[in-house]
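Counting starts at 1 for both ligands and their atoms, in listed order.
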Amino acid sequence: MSRTPDPHDFLGLDAGLAEEERAIRDAVRAYAKDHLLDHVADWYETGALPAAELAKGFGSLGLLGMHLEGYGCAGTSAVAYGIACRELEAVDSGLRSFVSVQGSLAMYAIHKWGSEEHRQEWLPRMATGEALGCFGLTEPDAGSDPGSMRTRAVRDGGDWVLSGTKMWITNGTVADVAVVWAQTDDGIRGFVVPTATPGFTANEVKHKLSLRASLTAELVLDGVRLPASAAFPEVRGLRGPLSCLNEARFGILFGVVGAARACYEAALEYTLSRSQFGKPLAGFQLTQRKLAEIVVEVNRAGLVALQIGRLKDAGDLHHNHVSFGKMANVRSALSVAREARSMLGANGISLEYPVMRHMANLETVLTYEGTEEMHALSLGQAVTGLAAFR
Ligand SMILES: Cc1cc2nc3c(=O)[nH]c(=O)nc-3n(C[C@H](O)[C@H](O)[C@H](O)COP(=O)(O)OP(=O)(O)OC[C@H]3O[C@@H](n4cnc5c(N)ncnc54)[C@H](O)[C@@H]3O)c2cc1C
């Protein structure tokens with residue numbers, strides 16, 4: 001006889017995970033319970049994060065650059081990496097961002113496009129969390145259209161000199177190394193910039209109402225002088241940064257399943273335990289309608305993520321698949337968070353419960369790593385063959 005579905009994994013998706021994937025899930029869940037869940041609301045409220053401590057903790061779990069090969073990285077499957085993102089984002093999108101920026105943006109960029117010297121110098125220390133990285137692409141006047149960036153790198157003798165401003169850079173205030181993308185006479189190029197270099201400043205972005213358990217910075221490059229070897233040797237144009245964003249977006253489309261699941265579970269638990277009009281809220285038809293809607297969204301998003309993960313592991317992933325997953329799953333997670341928020345009534349707006357924190361975070365997730373509109377345009381182009389970006 002078939003078993004009644006588990007409300008916490010309705011479609012039984014985790015039963016299909018490989019042993020390694022389940023082990024990573026369990027390790028991240030245990031770490032979250034012991035080290036993250038009790039603190040995350042405080043970090044969110046104060047906008048402060050013990051970055052060095054978190055980096056060491058995530059490093060000791062093997063999460064930093066876990067899907068990369070060599071240089072102290074674990075070389076796990078893409079699905080295993082996705083599952084780790086899912087479990088981290090079930091705690092908070094800011095913590096998943098911390099790991100994504102380190103592993104999928106900064107480390108991936110150095111791994112894929114850096115020289116052997118860059119890799120040897122930075123990756124082993126970044127994998128353990130001894131060194132932190134950030135990724136500077138966005139500028140105050142260049143977001144969805146990074147090709148219009150103004151940051152410039154010019155040759156001066158054998159050196160490079162970088163000038164410009166990057167904006168909204170996660171971990172910029174705590175990074176030891178920044179991967180910075182800049183215009184050159186030869187097109188856009190990437191540079192490995194130790195943040196202690198004279199002329200480099202990182203200023204904290206304050207007054208955020210979303211992703212508060214994450215550090216965000218403005219990077220100012222004021223005549224930052226670097227040796228010729230600081231540039232990524234081969235890659236030119238947007239292909240470089242976009243390849244890294246594709247990696248990070250993959251983590252997002254898994255991660256938001258965790259945020260959605262956390263909101264659904266909070267709403268389920270709350271409506272089962274709170275009574276009005278003489279019975280649990282969960283016993284009313286209108287509440288059950290909402291629970292049915294959100295359990296469908298959580299599981300549908302989980303299926304999308306798994307399929308995209310399997311495509312990546314098989315080497316069949318196209319960036320349009322990632323756009324599909326980012327757009328579909330962030331949208332699902334936001335709709336779950338908004339619905340769950342209402343189900344908790346007044347408590348739904350409190351930091352005592354995770355739901356509104358997730359809801360506010362997901363507004364950032366909708367915008368960064370390609371806005372929903374950019375991914376819609378990417379899908380539109382994929383199905384019509386017509387580009388409508390400009
Ligand atoms: C908390 C946080 C952390 C971040 N971390 C990083 C980081 O680590 N590194 C980094 O480089 N960046 C980072 N970003 C920046 C992020 O990637 C950008 O915010 C994002 O790319 C959007 O750019 P923008 O904010 O300039 O919006 P804009 O590009 O100005 O867009 C504004 C609105 O216009 C829409 N729009 C733009 N063009 C079109 C068009 N052609 N057709 C229809 N609609 C359009 C957009 O979809 C959006 O709705 C972060 C952002 C946040 C909020």
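Atom 50 (C) of ligand 1 is approached by the protein to below 4.0 angstrom, counting heavy atoms only. Atom 32 (C) of ligand 1 is not flagged as protein-proximal [any protein heavy atom, distance under 4.0 Å]. Taking a distance limit of 4.0 Å, we find that atom 47 (O) of ligand 1 is approached by some protein heavy atom.
In this comparison of R390, H375, M374, the heavy atom closest to atom 39 (C) of ligand 1 sits on M374. Closest heavy-atom approach to atom 27 (O) of ligand 1 among the candidates P146, A217, S144: S144. In this comparison of F389, F135, W181, W168, the heavy atom closest to atom 14 (N) of ligand 1 sits on W168.
Looking at K326, its side chain does come within 3.5 Å of a backbone N or O of V365 through a donor-acceptor pair. With hydrogens and angles ignored, the 3.5 Å screen pairs no side-chain donor or acceptor of D159 with any backbone N or O of P227.
For E373, a nitrogen or oxygen atom sits less than 3.5 Å from a nitrogen or oxygen atom of ligand 1, counting backbone and side chain alike. The shortest N or O to N or O distance between T170 and ligand 1 is under 3.5 Å.
Contact atoms of ligand 1 toward L137: 11 (O) (distance under 4.0 Å to a heavy atom of the residue). Atoms of ligand 1 lying under 4.0 Å from at least one heavy atom of I169, given by number and element, are 7 (C), 8 (O), 9 (N), 10 (C), 11 (O). Taking every non-hydrogen atom of T138 and a distance limit under 4.0 Å, the qualifying atoms of ligand 1 come out as 10 (C), 11 (O), 12 (N), 13 (C), 15 (C), 16 (C), 17 (O). Per-residue contacts place L211 under 4.0 angstrom from the following atoms of ligand 1 (heavy atoms of the residue considered): 1 (C).
Note that R225 lies outside the cation-pi zone of W160, set by a 6.0 Å cut-off to the ring centre and a 45° limit from the axis. Remark: R119 fails to qualify as a cation-pi partner of W122 under the 6.0 Å distance and 45° angle criteria applied to the six-membered ring.
A salt bridge is defined here as a Lys NZ or Arg NE, NH1 or NH2 lying under 4.0 Å from an Asp or Glu carboxylate O, and R29 with D34 fails to meet this definition.
For atom 19 (O) of ligand 1, the closest non-hydrogen atom on the protein side is T367 CG2, 3.9 Å. Distance from atom 23 (O) of ligand 1 to its nearest protein heavy atom, with residue and atom name: G143 CA, 3.3 Å. Counting only heavy atoms of the protein, atom 1 (C) of ligand 1 lies nearest to T364 CG2, 3.5 Å. Ranking the protein heavy atoms by distance from atom 42 (N) of ligand 1 puts L377 CD1, 3.9 Å first.
Of the heavy atoms in E369, only backbone atoms (N, CA, C, O) come closer than 4.0 Å to ligand 1. Under 4.0 angstrom from ligand 1, the non-hydrogen atoms of T371 all belong to its side chain.
Defined by atom type and a distance below 3.5 Å, a donor-acceptor pair is present between the side-chain atoms of K290 and S342. Between the side chains of S335 and E297, no donor-acceptor pair of N or O atoms lies under 3.5 Å. Between T216 and K208, the side chains place a donor N or O and an acceptor N or O closer than 3.5 Å (distance only, hydrogens not considered).
None of F191, F232, W113 except one satisfies the ring-ring contact (aromatic ring centres under 6.0 Å, His included) rule with W181; the exception is F232.
In the hydrophobic cluster analysis, where Ile, Leu, Val, Met, Phe, Trp and Tyr join through side-chain heavy atoms closer than 4.5 angstrom, Y81 is grouped apart from I252.
Side-chain atoms of M359 and L362, non-hydrogen and from C-beta on, never get closer than 4.5 Å to each other.
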